[in-house]
There are 2 protein chains.
Amino acid sequence: MKSADAIVCLSALGQEGRLAVFRLLVKAGPDGLPAGKIARRLDVLPNSLSANLNVLANAGLVASRREGRSIIYTADFAAMSTLLNFLMADCCNGAPEVCAPLAGVVSSAAACCPPVKVKAPTRKKVSA
Amino acid sequence: MKSADAIVCLSALGQEGRLAVFRLLVKAGPDGLPAGKIARRLDVLPNSLSANLNVLANAGLVASRREGRSIIYTADFAAMSTLLNFLMADCCNGAPEVCAPLAGVVSSAAACCPPVKVKAPTRKKVSA
DNA sequence: TTCATACTTCGATATTCGTGGAAATATCGA
DNA sequence: TCGATATTTCCACGAATATCGAAGTATGAA
């Protein structure tokens, strides 16, 4: 993931309305929600919501499909994963103790996601 | 973490200059970097950098300490961890396979951070 | 066709944000 | 004290962004 892509994602999520939409879609899971229902649940105007959904879609964080008159939006978990990985990259070059606080992320993620066989740590060398 | 706090963090990181600064500080580790060195490395004006550092500090993502004439900035890994946890919250209510893509985050984090026996840290405490 | 529903796009406005010049503050050495 | 270095604050301006009404497009039903 390029830094520019991350910026698009982060600034997309860094706004009240859009973060609320995204989190709602994350909770909704793969079935997603139609735009109208999102607007009603969050009590926002449909055109404002549409603009925000566009920003999220542009960032690749949500996908959409038409179903009859409705357009169903879903969170893109893979994109989310890519973003999180980007944010965690280079966090402790050669010094694991440095990012020990991030261990909490690991445990909570482990509690949430299926267990994964951990590969041998490939630690990058620091080029300061 | 409140949603409002997450928005402050995300929008702070969702800008080219600030993301570059933050990532540089993350790589720099706990020793951090003086503002002047950051400005020279990223080739930005010192006042622009100062404004951006203010935004990051306001979001709690960086801390600063004075050292002689310099002011040293460091990334706050705990804040980063809190943000990541917030983003991963509620990602798979009752359906673990939903966020399987996020498993990649877990494995890469495990490769980076200390072993996941988070209950009681086996490593010795690091003193700066 | 005609109408109603579900969303989106357009256009204007108000606000926020990023940038850079100039001045101010803080620290240190002579 | 004076001057140099390091960084911040102040201020103004152009660009980007959020918001909202109004109009437009797509779908399905009568």
Side-chain angles (χ1 to χ4, degrees), chain A residues 3-25 28 31-76, chain B residues 3-25 28 31-76:
Chain A
S3 190
D5 302 325
I7 289 164
V8 172
C9 284
L10 290 167
S11 59
L13 293 175
Q15 198 254 4
E16 191 179 354
R18 286 194 294 267
L19 183 60
V21 169
F22 184 72
R23 280 169 63 82
L24 186 60
L25 288 176
D31 292 341
L33 288 172
K37 190 162 235 172
I38 300 172
R40 260 172 274 126
R41 284 236 206 138
L42 300 178
D43 191 30
V44 293
L45 292 176
N47 53 354
S48 294
L49 174 67
S50 189
N52 281 334
L53 284 169
N54 251 328
V55 175
L56 288 170
N58 207 344
L61 290 167
V62 304
S64 62
R65 65 178 193 274
R66 178 174 279 276
E67 224 167 72
R69 265 174 283 198
S70 294
I71 296 184
I72 315 286
Y73 284 87
T74 52
D76 189 323
Chain B
S3 189
D5 302 324
I7 290 164
V8 172
C9 285
L10 290 166
S11 59
L13 293 175
Q15 199 255 3
E16 191 178 355
R18 285 193 296 266
L19 184 60
V21 170
F22 184 72
R23 281 167 64 79
L24 185 61
L25 288 177
D31 293 342
L33 289 172
K37 192 163 233 172
I38 300 173
R40 259 171 274 124
R41 284 239 201 137
L42 300 178
D43 191 31
V44 293
L45 291 176
N47 53 351
S48 294
L49 174 67
S50 187
N52 280 334
L53 284 169
N54 250 327
V55 174
L56 288 169
N58 209 340
L61 290 166
V62 305
S64 62
R65 66 178 192 273
R66 178 174 282 276
E67 224 167 72
R69 265 173 284 199
S70 295
I71 296 185
I72 314 286
Y73 284 87
T74 53
D76 187 324

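Lettering of chains follows the sequences in order, A, B, ..., and the numbering in each one begins at 1.
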**Request:** Mind calculating the distance between CG (A/L49) and P (D/dT19) to the nearest angstrom?
**Result:** 11 Å
**Request:** Report yes if at least one side-chain N or O of A/Q15 is closer than 4.0 Å to OP1 or OP2 of D/dT19; otherwise report no.
**Result:** yes
**Request:** Would you tell me if any nitrogen or oxygen in the side chain of A/N47 comes within less than 4.0 Å of OP1 or OP2 on D/dG24?
**Result:** no
**Item:** Any strand: nucleotide that pairs with C/dA30 via Watson-Crick or wobble, under 3.5 Å
**Value:** D/dT1
**Request:** Grab the two heavy atoms, one from A/I7 and one from B/G14, that are nearest each other, plus how far apart they are.
**Result:** CG2-O, 3.7 Å
**Asked** Nearest-Å distance, CD (B/E16) to P (C/dG18)?
**Response** 12 Å
**Between P of D/dA18 and CG of A/L56, the distance in whole Å** = 11 Å
**Asked** Any side-chain N or O of A/S70 under 4.0 Å from OP1/OP2 of C/dT5?
**Response** no
**Asked** C/dT5 P sits how many Å from A/I71 CD1, rounded?
**Response** 18 Å
**Prompt:** Between A/V55 and A/R69, who's closer to the 5' end of DNA chain D by nearest nucleotide?
**Reply:** A/V55
**Request:** Report yes or no: does B/R66 contribute a side-chain atom to a donor-acceptor pair with the main-chain N or O of B/G68 at less than 3.5 Å?
**Result:** yes
**Request:** Decide side-chain contact (heavy atoms from CB on, under 4.5 Å) for B/I38 and B/L24; before the verdict, give the C-alpha distance in whole Å, the side-chain angles of both, and the deciding distance to 0.1 Å.
**Result:** CA-CA 8 Å; B/I38 300 173; B/L24 185 61; 4.2 Å; yes
**Request:** Provide the closest heavy-atom pair for A/V55 versus A/A12 in the form atom of the first, atom of the second, distance.
**Result:** CG1-CB, 3.9 Å
**Message:** Looking only at the side chain of A/S50 (C-beta and beyond, no hydrogens), which of the listed nucleotides D/dT27, C/dT8, D/dT8 gets closest?
**Reply:** C/dT8
**Message:** I want to check one thing: is the phosphate of D/dA6, taken as OP1 and OP2, less than 4.0 Å away from some side-chain N or O of B/Y73?
**Reply:** no
**Prompt:** How many Å lie between CG on A/L42 and P on D/dT19, as a whole number?
**Reply:** 12 Å
**Asked** Closer than 4.0 Å, any side-chain N/O of B/S48 to the OP1 or OP2 of C/dG20?
**Response** yes
**Prompt:** Any side-chain heavy-atom pair from B/L53 and B/S64 closer than 4.5 angstrom?
**Reply:** no
**Asked** Reckon A/R18 has a side-chain N or O less than 4.0 Å from the OP1 or OP2 of D/dA18?
**Response** yes
**Asked** To the nearest Å, how far apart are A/L33 CG and C/dC7 C1'?
**Response** 15 Å
**B/A35 side-chain proximity, nearest of C/dT19, D/dC20, D/dT8** = D/dT8
**Prompt:** Rounded to whole angstroms, how far apart are CD1 on A/I38 and C1' on C/dC7?
**Reply:** 11 Å
**Message:** So for B/N52 and C/dG18, does any side-chain atom that can act as donor or acceptor lie under 3.5 Å from a complementary atom in the base?
**Reply:** no
**Request:** Rounded off to whole Å, could you give me the CD-to-C1' distance for the B/E67 and D/dT7 pair?
**Result:** 15 Å
